[in-house]
Amino acid sequence: MELQPGDFVFHEGEISNVFYVIDHGSVEIIKDADSAAPTLIATLRDDDFFGEMSMLECLKRCASARCATAVKLYALHSTDLHKLYHRWPDQYAIVILNIARDLSRRLHALDDIFAARAH
């Protein structure tokens, strides 16, 4: 999927079971994107992924994803992940482990932000 700057990949509150990997370009993750005071959560670049929370938990999107530059994305549906599990369980384990590692890194970064604000 190829998108242009300003295009939304998805909007906060949408229901989806897809996550995305950035081939090239950059995507902003934004909370309250349509409000008068949106909050930029992160800017993701080549080889980063996003949208995994909705795919893993089947919940509404908790933020919006907007292209900051021209972007090429790969989409992975939850059904694709399920097929991977059945056909190539070793590769499935690697994908899940990489998602878990990245989520852990993101939580560590948030911990640092909260700790800095507490002092």
Side-chain angles (χ1 to χ4, degrees):
M1 150 189 316
E2 295 190 18
L3 300 168
Q4 299 303 311
D7 288 348
F8 280 85
V9 181
F10 54 75
H11 292 273
E12 185 173 345
E14 290 179 356
I15 297 173
S16 180
N17 63 348
V18 179
F19 89 100
Y20 300 89
V21 178
I22 302 171
D23 180 63
H24 66 268
S26 61
V27 174
E28 298 171 326
I29 306 302
I30 305 167
K31 189 77 176 159
D32 302 320
D34 298 327
S35 74
T39 301
L40 178 65
I41 303 297
T43 301
L44 306 174
R45 294 177 175 76
D46 299 6
D47 301 325
D48 286 333
F49 62 84
F50 60 96
E52 72 287 341
M53 290 168 50
S54 289
M55 186 189 67
L56 295 172
E57 296 184 283
C58 298
L59 298 174
K60 293 180 181 179
R61 299 283 189 191
C62 64
S64 297
R66 181 178 65 203
C67 300
T69 66
V71 175
K72 182 176 181 183
L73 301 172
Y74 297 104
L76 185 67
H77 297 255
S78 62
T79 54
D80 298 325
L81 198 61
H82 186 71
K83 288 176 188 174
L84 183 64
Y85 170 73
H86 284 286
R87 291 183 185 158
W88 298 289
D90 291 347
Q91 285 74 19
Y92 170 83
I94 291 169
V95 169
I96 294 299
L97 183 59
N98 284 328
I99 290 172
R101 285 179 176 154
D102 199 66
L103 287 171
S104 179
R105 281 191 286 273
R106 293 176 190 181
L107 286 171
H108 278 282
L110 283 174
D111 287 347
D112 291 344
I113 291 168
F114 287 133
R117 289 185 179 176
H119 294 106

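Note that the coordinates shown come from a computational prediction; the quantities given were computed from them, not determined experimentally. Scope of the values below: all heavy atoms of this structure, side chains included, with no hydrogens, waters or symmetry mates.
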[atom1]/[X] to [atom2]/[Y] distance, rounded to the nearest 0.5 angstrom?
X      : Y      : atom1 : atom2 : value
Asp102 : Leu107 : CG    : CG    : 10.0 Å
Leu44  : Ile29  : CG    : CD1   : 5.0 Å
Arg106 : Met53  : CZ    : CE    : 9.0 Å
His24  : Leu73  : NE2   : CG    : 9.0 Å

Problem set entry | Qualifying salt bridge (charged side-chain N to carboxylate O under 4.0 Å, His left out) pairs with a residue from residues 20-35, counting only residues at least two apart or across chains | Glu12-Lys31, Glu28-Arg66

Taking all atoms of both residues into account, what is the closest heavy-atom pair of [X] and [Y], and its distance?
X     : Y     : value
His11 : Arg61 : O-CB, 3.6 Å
Lys60 : Ile15 : CG-CG1, 3.7 Å
Ser16 : Val18 : OG-N, 3.3 Å
Ile22 : Val71 : CG2-CG1, 4.4 Å
Gln4  : Asp7  : N-OD2, 2.8 Å
Ala63 : Ile30 : CB-O, 3.4 Å

Exercise. Is there a donor-acceptor pair closer than 3.5 Å between any side-chain N or O of Thr69 and the backbone N or O of Ser26?
Worked result: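 Yes, the answer is positive, given that a donor and an acceptor are paired below the 3.5 Å cut-off.
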
For this session: Verify, without hydrogens or angle tests, whether Ser54 (side chain) and Leu59 (backbone) share a donor-acceptor contact under 3.5 angstrom.
Result: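 Side chain of Ser54 to backbone of Leu59, a donor-acceptor pair under 3.5 Å: yes, one is there.
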
Exercise. Applying ring pair (Phe, Tyr, Trp, His ring centres under 6.0 Å), which residue pairs with at least one partner in residues 41-64 are found, sequence neighbours left out?
Worked result: Phe10-Phe50, Phe19-Phe49, Tyr20-Phe50

Show me the donor-acceptor pairs, under 3.5 Å and distance only, between side chains in residues 81-96 and residues at least two apart or in other chains.
unit_1 : atom_1 : unit_2 : atom_2 : d
His82  : NE2    : His86  : NE2    : 3.1

Exercise. Run the side chain to side chain contact (heavy atoms under 4.5 Å, CB included) check on Val21 and Leu76 step by step: do they pass?
Worked result: CA-CA 8 Å; Val21 178; Leu76 185 67; over 6 Å; no

Exercise. Going by an N to O cut-off under 4.0 Å, is there a salt bridge joining Asp48 and Arg45?
Worked result: no

